[in-house]
Protein chains: 2
Amino acid sequence: MRAGRELFAEQGYDGASVRAITSRAEANLGAITYHFGSKQALYHEVLRSMVVPLRDRVAEVASRDAPPLDRLDAVVEAYFRHFAAHGDLPRFLMERIAAGQLPPPPVAVAMKSILGTLAGLVREGQRQRSVRDGDPVLLSLSLIAQPVYLTLVQTPLRDVLGLDLADTESFERLVDHARAFVRAGLTASPLPDTA
Amino acid sequence: MRAGRELFAEQGYDGASVRAITSRAEANLGAITYHFGSKQALYHEVLRSMVVPLRDRVAEVASRDAPPLDRLDAVVEAYFRHFAAHGDLPRFLMERIAAGQLPPPPVAVAMKSILGTLAGLVREGQRQRSVRDGDPVLLSLSLIAQPVYLTLVQTPLRDVLGLDLADTESFERLVDHARAFVRAGLTASPLPDTA
DNA sequence: GAACCATTCATACGTTCGTATTATTCGTGA
DNA sequence: TCACGAATAATACGAACGTATGAATGGTTC
């Protein structure tokens with residue numbers, strides 16, 4: 001599983017061959033078929049093992065005792081921290097989609113679950129007028145877009161622009177930036193005075 | 001080129017075989033090697049043909065005669081409209097990256113150029129205090145994240161949530177949402193009164 | 001210590017891949 | 001009209017792929 005996670009992240013699903021994975025794991029060529037049934041089954045297993053903790057983490061942050069906006073804020077941060085610890089995850093979330101396929105089942109269910117959680121949080125914020133009006137699902141997607149995209153482009157940015165967002169200092173700036181951006185994007189415009 | 005664009009979008013770079021492409025083009029298996037030199041060269045050519053118009057479109061919108069915030073707004077819309085007309089593009093922009101590779105040269109070049117344009121626009125807005133303080137490149141990336149991510153997840157959303165963002169009405173709602181979100185994320189907080 | 005069973009291992013199979021090779025076709029310009 | 005060259009076409013090649021097969025291995029249980 002570890003070798004699979006690494007190689008799927010490095011080379012993508014198609015790029016990571018069964019031979020490469022088993023050889024990195026110092027196992028036999030047949031090991032994947034034997035233990036998981038197929039390459040795809042291993043892939044799904046790897047996905048599950050990465051995506052479930054993210055889902056749990058988001059659910060936990062979302063259920064804290066704090067104003068909805070603060071919790072949404074915390075979700076953004078949680079995403080970044082989780083991605084920092086599992087830098088491969090955003091690639092896993094998007095790879096099949098970017099290759100024109102449906103997301104694999106583990107990703108689809110996690111996506112659905114997280115989106116439900118966030119949309120509920122947004123709705124709560126809207127009820128108490130702290131979050132801007134608008135489709136809760138769209139607002140949630142816009143939130144998610146930030147950590148996913150910004151993490152995803154980190155490597156290309158480093159290689160194309162020489163912009164390194166991975167060292168501790170830059171990373172904190174990145175997180176702060178995204179939190180501020182999302183919070184501003186979500187916050188209900190302060191009402192003129194009345195109301 | 002058309003067959004390549006279609007199949008690369010549908011199946012990803014690895015998924016689209018030379019045989020499938022040439023057969024859809026009703027051409028011979030050797031056609032790609034003959035006319036482009038290799039599969040990868042065709043891929044780069046296809047990328048260039050999609051990415052250059054986007055770059056030009058952004059540059060055009062960014063050079064309009066309007067307040068920076070309005071132009072940034074217009075860039076978001078331009079992205080969405082361009083993606084609506086070329087729904088494959090976001091996949092092309094992200095596929096190799098999501099597969100753990102560097103972006104192909106045409107994408108890297110366009111990325112660099114667009115990012116330069118937008119960052120300049122952001123800086124201009126910051127100078128006249130209409131755009132929030134912060135790293136112009138990060139702010140630009142946050143802007144780009146919205147059309148790219150939201151377009152990218154459209155298909156999965158339809159299949160997973162039954163949420164269809166492609167019909168005209170939903171699409172306009174989507175664009176309006178993203179514009180509002182980005183504008184709010186970029187706008188400098190109104191100063192208390194003084195200043 | 002013998003039987004059993006999960007696992008490891010080496011190897012083979014059939015497919016598909018991208019590209020190279022060689023021949024053929026066909027429109028164009030002298 | 002003939003020759004040239006660009007384009008198409010059919011086929012071959014070697015490599016890599018995911019998976020299947022059957023034999024070895026080694027620990028556990030009676």
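We name chains A, B, ... by the order of the sequence lines, and we start the count at 1 in each one.
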Nearest listed nucleotide, side chain of A:His35, among D:dG18, C:dT7, C:dT19: C:dT7
When the nearest nucleotide of DNA chain D is assigned to A:Ser17 and to A:Thr33 on a heavy-atom basis, which residue is associated with the more 5' position? A:Ser17
Close side-chain approach of B:Thr151 and B:Arg91, heavy atoms under 4.5 Å: no
NA contact type, B:Ala16, heavy-atom cut-off 4.0 Å: base, sugar-phosphate, or nothing? sugar-phosphate
For A:Lys39 and D:dT19, give me the distance from atom NZ to atom P, rounded to whole Å. 8 Å
What integer distance in Å separates B:Tyr34:OH from D:dA7:P? 4 Å
Atom CD1 of B:Ile21 and atom P of D:dT8: how far apart are they, to the nearest Å? 16 Å
Take the protein atom CZ of B:Phe36 and the nucleotide atom C1' of C:dA20, then report the distance between them rounded to whole Å. 19 Å
Would you kindly give the CD-to-C1' distance between A:Gln40 and D:dC17, to the nearest whole Å? 15 Å
Quick one: which of D:dT19, C:dT19, D:dA9 gets closest to the side chain of B:Ser38? C:dT19
Spacing between A:Leu42 atom CG and D:dG18 atom P, to the nearest angstrom: 11 Å
Any donor-acceptor pair under 3.5 Å from A:His86 side chain to A:His82 backbone: yes
Tell me whether the side-chain N/O atoms of A:Asn28 come closer than 4.0 Å to OP1 or OP2 in C:dT7. no
Rounded to whole Å, CG of B:Asp14 lies from C1' of C:dG18 at a distance of 12 Å
Nearest to the side chain of B:Leu29, heavy atoms from C-beta on, is which of C:dT19, C:dA10, D:dT19? C:dT19
Start at the 5' end of DNA chain C and walk down; is the nucleotide closest to A:Arg19 or to B:Ile32 reached first? A:Arg19
What class does the angle between the rings of A:Tyr79 and A:Phe83 fall in, given that below 30° is parallel, 30 to 60° is tilted and above 60° is perpendicular? perpendicular
So do the side chains of A:Arg96 and A:Val107 get within less than 4.5 Å of each other, counting heavy atoms only? no
Taking the six-membered ring for Trp, are the ring centroids of A:Tyr149 and B:Tyr149 within less than 6.0 Å of each other? no
Atom-pair distance (CD on A:Gln11; P on D:dC17), nearest Å: 10 Å
